[in-house]
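Every chain is numbered from 1, with letters handed out A, B, ... down the list of sequences. Atom set for the values below is all heavy atoms of this structure, side chains included, hydrogens, waters and symmetry mates excluded.
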There are 2 protein chains.
Amino acid sequence: MVRVSTRDEILRVAAEQFAHFGYKGTSLQDIAAGVGCSKATLLYHFASKDTILAELVEAAARELGELVARLEPLDAAAAQEAAIDGFVDLVLRYRQEAALIYGGMPQFLQEPAFADLLPHFDALCAAFAARSTDPDECVAAKVLLSGIVTVVIDEDLEPTDLRATLVGVARRALIHPHDKD
Amino acid sequence: MVRVSTRDEILRVAAEQFAHFGYKGTSLQDIAAGVGCSKATLLYHFASKDTILAELVEAAARELGELVARLEPLDAAAAQEAAIDGFVDLVLRYRQEAALIYGGMPQFLQEPAFADLLPHFDALCAAFAARSTDPDECVAAKVLLSGIVTVVIDEDLEPTDLRATLVGVARRALIHPHDKD
DNA sequence: GTCTATAACGAGATAGAC
DNA sequence: GTCTATCTCGTTATAGAC
């Protein structure tokens, strides 16, 4: 799978540049230069710049949905563990997409391409908080969720042991069995 | 201080919109509309769009530098606590600026307006990790640092008890006296 | 499927009247 | 200090040749 189709190559380069410079910060010119083709070729394979974005997000969004669905039948504690493991795994496999999605400004996530994502994030957040409604737990969940994404985005970090490290950090911060009860 | 100068109003609106839509996602047109003036008026008060950005970041960057300077003479444990308290306080007072700075893509931080910030972030990260060089600790520090910023950005969260909550989350995740030693 | 050329538009910035 | 009008450039997207 060394030489792929132009279409796939466009997606690869676009993911790279969107993650690095942001969606608005990347022009079709930039992508075309990276691919080694013209802007017109880009727009032959994709209807618009938005369409490229949508296709990039699609796979990641689908997998996120699957993860959330897997959590639903579990009890709070099991869902919390599964959410941490699953989410760390997911963002490690979709680093650039995560950078693109999470690095964007609040308003960016309102775009139609991300419509499915927001409820999934909420569900994941609830799972991270072990389905507690305590504001402290919810905030902690948000901190870890977004912190994990941001760290994974940093390209100078090796993914080797990152997985275990991130899971460890999240567990330490979120799971505290010796609670006031 | 109800009615302020046009200049201050421009800064206020720009901070709001940059935080919401991103720097690239906000046009001078947008800011002018928010202020209720023309683009030309914006550029009478500021030399360029970049200049508006630089002035917005300046105060936050200076205070961050002061915080980092305060940490330096402290020992690792004291610096860690002071860093957590100080940083949470700082981002709560500079919510929009934090959103702007931290929400941007990696490449965005390379802009001259942010040149001073990067070493400060590194110092803060080291303090969060209690000056440990253990990769686990460093990653945990990064997760908390960026997680805190991202949560504060979320405008639907009340700042009332956010301070104590965030400090609590960070302490729980970063300070672990019962360490392997 | 890929290209060059160009259209149509919005951006940042400037000129000059008031 | 603020405005309208304009300039210049870069952007997305289209047209049509090869």
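- By the side-chain hydrogen bond (donor to acceptor under 3.5 Å, both in side chains) test, B/Glu81 pairs with B/Arg171, sequence neighbours left out.
- Contact check, A/Thr41 against C/dG1: no side-chain N or O comes under 4.0 Å of OP1 or OP2.
- For the pair A/Ser38 and C/dT4, the criterion of a side-chain N or O lying under 4.0 Å from OP1 or OP2 is not met.
- With no hydrogens or angles considered, a side-chain donor-acceptor pair links A/Asp50 and A/Tyr23 at under 3.5 Å.
- Here A/His45 contributes atom NE2 and A/Thr51 contributes atom OG1; the two are 13.5 Å apart, rounded to the nearest 0.5 Å.
- Residue A/Ala40 has its side chain nearest to D/dA15 when only D/dA15, D/dT11, C/dA11 are considered.
- For the side-chain contact (heavy atoms from CB on, under 4.5 Å) criterion with A/Phe18, the lone passing option out of A/Val57, A/Val13, A/Ile101, A/Ile31 is A/Ile31.
- For the helix from C/dG1-D/dC18 to C/dC18-D/dG1, the angle separating the two terminal helix axes comes to 0°, with each axis derived from five pairs and the value rounded to 10°.
- Rounded to whole angstrom, the span from the CG atom of A/Asp50 across to the P atom of D/dT11 amounts to 16 Å.
- Of the side-chain N and O atoms in A/Ser27, one or more sit less than 4.0 angstrom from OP1 or OP2 of D/dT11.
- Within 4.0 Å (heavy atoms only), B/Leu28 reaches sugar-phosphate atoms of the nucleic acid but no base atom.
- Considering B/Lys49, B/Arg7, B/Arg62, B/Arg12 as possible partners of B/Glu55, the one that fulfils the salt bridge (Lys or Arg N to Asp or Glu O under 4.0 Å) test is B/Arg7.
- Residue-level contact check: B/Thr26 touches the backbone only, with heavy atoms under 4.0 Å from sugar-phosphate atoms and none from bases.
- Here B/Thr6 reaches the OP1 or OP2 of D/dT2: one of its side-chain N or O atoms lies under 4.0 Å away.
- At the phosphate of C/dT2, neither OP1 nor OP2 sits under 4.0 Å from any side-chain N or O atom of A/Tyr44.
- A cation-pi arrangement is absent between A/Lys24 and A/Phe108 under the rule of less than 6.0 angstrom and at most 45 degrees off the ring axis.
- Each of B/Lys39 and B/Arg7 was matched to the nucleotide of DNA chain D holding its nearest heavy atom; the match closer to the 5' end belongs to B/Arg7.
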